[in-house]
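Below is one structure; the comments refer to it alone.
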Amino acid sequence: MRRRDLLGLSAGAIFGLTFAPPVVQAKAFIDSAGRRIDVPDAIRRIFPAGPPASVTLFAVAPDKMLGWTRAPGPEALPFLPARYAELPEIGRLTGRGNTVNLENVVRLAPDLVLDVGSMTGTYVSLADQVQEQTHIPAVLIGGRLAETATTLRTVGGLLGVPERAEALARYAETLLGEVQEAVAKIPSANRPSVYVARGPSTGAFMPPLVPTRCGARSRPCRPSISTLYPICHFHGSITRLPPTG
């Protein structure tokens, strides 16, 4: 389902959504896109808009999750406590392959719709329309890899779990700092080229991941004639990361 399909609600459905209960005891929150949003003082039920939001929410405040954007696969289940592994698949609002409509979001009665990732105009517009049509606060939080610690602290403060978020943020700062330190020790002349491509069967790909881990300089993307998917070329180096314990 494309974004235009997601927002193509019938007049009757939109009319019905206007009966959503108003937010009471709200507080003002400024999200990463600079939008001022009134959110409940107590946020207990959260609809993650996409996969990055699901992962971030699971890390920071898993008890507030209404479900997964996509159910965890068998390879992930051994790492998840049963009560979280068994959460339902509720679909995604953002990105390619949208699988949920706004009526279903309203039926789940979340206190908040949370999106983590890109801050482009498309995502800002989508969040605005979701909020206008459902009367449910929709918050956008930046999700750049280099700003992981900020993302975690922002989400933790919003959801009332700053201690947990701070512990995760410090871990992220330490790990990313170790990677950057290791990369800095490699002379530019010794950094091999890395070719990164995305095909139709691959999952989401974040280009900043390679420059951060490999010290790479990104070159402009060009279309792939064979796959019709963007292909980027990076010049960088791959280093062996230290164990995380």
Side-chain angles (χ1 to χ4, degrees), residues 29-34 48-62 69 72 75-76 79-80 94-96 114-124 139-159 161-199 202-222 224 229-245:
F29 177 79
I30 307 298
D31 71 4
S32 299
S54 289
V55 173
T56 304
L57 184 55
F58 172 71
V60 176
T69 298
E75 67 281 357
F79 301 96
L80 299 174
T94 61
R96 299 173 58 186
L114 176 68
D115 193 13
V116 175
S118 175
M119 295 290 104
T120 63
T122 298
Y123 289 91
V124 173
V139 170
L140 287 170
I141 303 297
R144 292 174 57 86
L145 180 65
E147 299 168 0
T148 297
T150 299
T151 298
L152 293 167
R153 289 185 176 109
T154 302
V155 172
L158 171 64
L159 304 184
V161 287
E163 296 84 2
R164 168 67 177 168
E166 182 62 27
L168 292 170
R170 291 183 180 180
Y171 171 76
E173 287 173 334
T174 299
L175 185 60
L176 290 174
E178 290 174 350
V179 172
Q180 296 288 10
E181 183 178 347
V183 168
K185 295 178 181 178
I186 302 174
S188 298
N190 295 338
R191 299 179 182 180
S193 294
V194 179
Y195 184 80
V196 182
R198 175 180 175 179
T202 60
F205 170 68
M206 296 194 305
L209 181 62
V210 172
T212 299
R213 291 174 64 98
C214 305
R217 297 187 300 275
S218 176
R219 293 182 180 176
C221 294
R222 62 183 184 276
S224 165
Y229 275 76
I231 290 182
C232 301
H233 183 270
F234 296 96
H235 180 75
S237 61
I238 299 177
T239 61
R240 182 179 298 276
L241 300 181
T244 59

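Heavy atoms only: backbone and side chains are in, while hydrogens, waters and symmetry mates are out.
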>> Taking side-chain contact (heavy atoms from CB on, under 4.5 Å) as the definition, give me every residue that meets it alongside A33, ordered by chain and number, with sequence neighbours left out.
In response: D31, R35, M119, V124, L140
> Which heavy-atom pair separates A59 from L168 by the least distance, and what is that distance?
Replying inline: O-CD1, 3.3 Å
> Residues in salt bridge (charged side-chain N to carboxylate O under 4.0 Å, His left out) with E166, at least two apart?
Replying inline: R153, R170
> Residues two or more places apart in sequence or in another chain: which of them pass side-chain contact (heavy atoms from CB on, under 4.5 Å) with A172?
Replying inline: T148, L152
> In chain order, what residues pass the side-chain contact (heavy atoms from CB on, under 4.5 Å) check against T69, with sequence neighbours excluded?
Replying inline: P48, P51, S54, R92
>> Going by side chain to side chain contact (heavy atoms under 4.5 Å, CB included), I141 matches just one of T151, T56, T150. Which one?
In response: T151
>> Please enumerate all residues that pass side-chain contact (heavy atoms from CB on, under 4.5 Å) together with L80, with sequence neighbours excluded.
In response: F58, W68, P72, A85
> Roughly how far apart are Y123 OH and T120 OG1, rounded to 0.5 Å?
Replying inline: 6.0 Å
> Tell me, do L159 and L57 make a side-chain contact under 4.5 Å, heavy atoms counted?
Replying inline: yes
